[in-house]
Amino acid sequence: MKKLKFQSQAGMNDILPEDQKYFKKVYEVVSEIADFYGFSKIETPILENADLFTTATGTATDIVKKQMYSFRTKSGDFLTLRPEGTPGIIRAYIEHGMQNLPHPVKLWYFGPFFRYERPQSGRYRQFHQFGFEVIGEKGAVVDAQIIQIFYNILKELKLKSLIIEINSIGDSQCRPYYKKLLSNYFRNRESSLCVECRRRLKENVLRILDCKEEKCQPVKADAPQILDHLCEECRLHFKEVLEFLDEVEIPYRLNPYLVRGLDYYTKTIFEIFSISEKQDQDSKEKELALGGGGRYDKLVKILGGKDMPASGGAVGIERVVSLLKNQDVRFKEENKVSVFIAQLGNLAKRKSLKLMDGFRKMNIKVAESFGKDSLKAQLNRADRIGAKYSLIIGQQESLDNTVIIRDMKTGKQNIVKFEKVLEEIKRLLKNK
Ligand code: HAM
């Protein structure tokens with residue numbers, strides 16, 4: 001095929017009209033549920049100071065090391081296209097005095113994010129997330145509620161076979177000791193690790209636990225597990241989260257290898273999968289989480305705010321949309337076109353514009369084909385889009401100040417006065 005003069009960037013997709021209904025539906029469900037749970041919407045800029053992500057997401061993470069789109073502006077600022085939402089939200093929370101509001105402060109967001117990853121199915125360089133963050137609440141119930149919110153949204157979207165994978169990665173009291181234990185364990189078995197994990201051993205030992213390489217699996221299997229090494233506070237917190245999840249019957253399974261690729265987490269971390277997707281996987285790459293999140297009790301302080309606990313998560317919208325398509329989820333088509341206006345001649349076009357305005361005010365959806373002058377072509381289109389009635393305004397009708405109403409199912413036609421047509425259609429649609 002001849003190369004086009006311009007093409008979209010690899011991993012950056014156009015969301016075409018036929019896919020808009022999925023994005024719209026996701027937005028509607030998310031905003032309704034956010035509203036129900038008392039979250040306020042926030043939008044932060046797509047560009048932020050690069051240091052925000054280095055500080056919050058973490059210097060040793062893949063996101064910061066490999067995946068950021070960063071550039072220097074004309075005035076010398078070093079900016080990054082946001083790879084995730086949490087740092088920007090917390091920056092905004094601190095910057096706009098939200099620390100003085102009654103807590104918890106509950107925020108949600110929906111928008112594009114950018115990561116320079118190898119593009120493949122489910123992994124893009126521009127993708128969309130919706131997310132929820134609760135700031136100022138340290139109780140386990142909040143972690144469970146966030147999981148419940150994501151679960152409810154995905155359920156409401158009619159996605160099947162959802163499962164939460166959950167773990168705790170402790171806090172500054174117990175994690176350092178566990179990391180030391182883990183380092184000792186892996187150091188003694190370094191030759192059995194893949195190249196990448198040998199590097200992780202020096203920089204970020206926890207990440208060895210979620211390595212997918214065949215070679216590392218046997219070594220991982222016998223590694224010490226964090227749940228056996230949590231301090232009392234973290235152990236109790238985690239136990240409570242699980243009890244809350246049991247209470248609301250959310251299916252979860254403990255995954256001792258779950259560590260997440262962001263540095264700010266403390267205690268609870270989770271990811272959401274659809275198991276049908278996991279089962280028919282033929283490659284490891286298919287094992288993609290729909291969403292993930294966790295508690296991050298230190299981040300507000302790290303970014304210059306007060307010592308404030310927080311918890312949150314985000315879901316990848318492209319992955320949700322792809323699952324909606326795979327699972328053949330259909331939504332009720334709202335507001336289908338009820339009326340088609342067919343016209344011949346300029347006078348008829350003028351009357352059509354007036355009619356359309358009337359229908360808009362009555363919230364009745366109409367369509368027209370002003371570009372077509374053949375009545376047959378216009379009625380064909382009315383048929384194709386499933387209009388219930390066509391209004392025909394030919395030259396004669398324009399002069400007589402009348403309109404022909406054609407029932408598209410039966411083909412029956414009757415003539416009404418132009419002034420009466422809106423009312424008549426309203427009546428007919430009501431009786432349909
Ligand atoms: P994350 O796990 O990096 O967490 O991303 C959340 C979700 O975004 C993923 O589960 C996935 O569905 C989607 N996602 C991530 N990268 C891509 C990609 N390259 N292409 C398509 N989808 C992708 C966060 O971003 C955290 N900020 C979540 C959070 C909020 N934690 C606490 N609060």
Side-chain angles (χ1 to χ4, degrees), residues 9-13 15 26 30 39 42 44 48 52-53 56-58 61-64 66-69 81-91 93 105-135 137 142-143 145-147 149-150 153-154 159 162-167 169 207 210 258-274 277-278 285-300 303 309-324:
Q9 297 302 298
M12 298 195 171
N13 302 316
I15 307 172
V26 174
V30 172
F39 282 74
I42 182 163
T44 59
E48 297 271 3
L52 176 68
F53 301 107
T57 315
T61 60
D62 282 352
I63 293 182
V64 169
K66 305 180 192 161
Q67 299 173 350
M68 297 211 301
Y69 281 92
L81 285 175
R82 59 183 192 186
E84 59 135 340
T86 315
I89 307 277
I90 299 301
R91 180 214 28 84
Y93 160 85
V105 172
K106 295 156 90 176
L107 302 168
W108 74 279
Y109 52 97
F110 189 109
F113 294 87
F114 304 83
R115 294 185 194 177
Y116 190 78
E117 299 206 63
R118 193 163 64 81
Q120 52 192 289
S121 163
R123 215 179 273 285
Y124 307 107
R125 289 180 173 171
Q126 175 169 348
F127 58 96
H128 296 76
Q129 283 185 348
F130 62 82
F132 289 77
E133 314 288 354
V134 177
I135 307 153
E137 182 63 66
V142 169
D143 303 13
Q145 193 181 42
I146 282 173
I147 294 173
I149 290 173
F150 286 121
I153 288 172
L154 298 174
L159 290 179
L162 299 167
I163 181 117
I164 315 296
E165 299 211 337
I166 191 164
N167 195 16
I169 48 164
R207 287 310 298 269
D210 76 352
L258 183 66
V259 292
R260 310 260 310 130
L262 306 103
D263 269 2
Y264 45 66
Y265 291 114
T266 49
K267 296 183 177 153
T268 322
I269 49 171
F270 68 89
E271 285 189 348
I272 310 168
F273 292 89
S274 165
E277 174 110 322
K278 280 191 101 174
E285 271 135 29
K286 268 201 164 168
E287 208 173 302
L288 294 174
L290 291 174
R295 177 161 282 285
Y296 49 98
D297 288 344
K298 297 283 169 250
L299 186 61
V300 180
L303 294 182
S311 192
V315 162
I317 299 169
E318 281 76 3
R319 291 186 190 176
V320 168
V321 168
S322 140
L323 210 56
L324 287 171

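Each ligand, and each atom within it, is numbered from 1 in the order the structure gives.
The shortest contact between atom 5 (O) of ligand 1 and any protein heavy atom is with Q129 NE2, 3.1 Å. The shortest contact between atom 13 (C) of ligand 1 and any protein heavy atom is with G316 CA, 3.5 Å. Nearest protein heavy-atom neighbour of atom 12 (O) of ligand 1: L290 O, 2.9 Å. Scanning the protein heavy atoms around atom 4 (O) of ligand 1, the nearest turns out to be R260 NH2, 2.9 Å.
The proximity of Y264 to ligand 1, defined as any non-hydrogen pair under 4.0 Å, is limited to the side chain. At a heavy-atom distance under 4.0 Å, only side-chain atoms of Y265, from C-beta outward, approach ligand 1.
The closest approach between any non-hydrogen atom of P83 and ligand 1 is not below 4.0 Å. The shortest heavy-atom distance from E318 to ligand 1 is not under 4.0 Å. Ligand 1 does not have E271 within reach: every non-hydrogen atom of the residue lies 4.0 Å or more from it. The closest approach between any non-hydrogen atom of G131 and ligand 1 is not below 4.0 Å.
In this structure, the ring of F132 has its center less than 6.0 angstrom from the ring center of F39.
Contact atoms of ligand 1 toward R123: 19 (N), 20 (N) (distance under 4.0 Å to a heavy atom of the residue).
Atom OH of Y116 is surrounded by 12 or fewer heavy atoms from other residues, nucleotides or ligands within 6.0 Å.
Of the N and O atoms on the side chains of D143 and S311, at least one donor lies less than 3.5 Å from an acceptor on the other residue. The closest side-chain donor-acceptor pair between Y93 and E133, if any, does not fall under 3.5 angstrom. Donor-acceptor pairing under 3.5 Å is recorded for the side chains of T86 and Y264.
In terms of polar-atom proximity, F127 is not counted as a contact of ligand 1, lacking any N or O under 3.5 Å from an N or O of the ligand. For a threshold of 3.5 Å applied to N or O pairs, the pair formed by Y296 and ligand 1 contains no separation below that value.
Under 4.0 Å is where a charged nitrogen must lie from a carboxylate oxygen, and between R82 and E48 no such pair does.
Within the model, atoms CD of Q126 and CZ of F114 stand 4.0 Å from one another, a figure rounded to the nearest 0.5 Å.
Taking the six-membered ring for Trp and thresholds of 30 and 60 degrees, F110 and F130 have nearly parallel ring planes, at less than 30 degrees apart.
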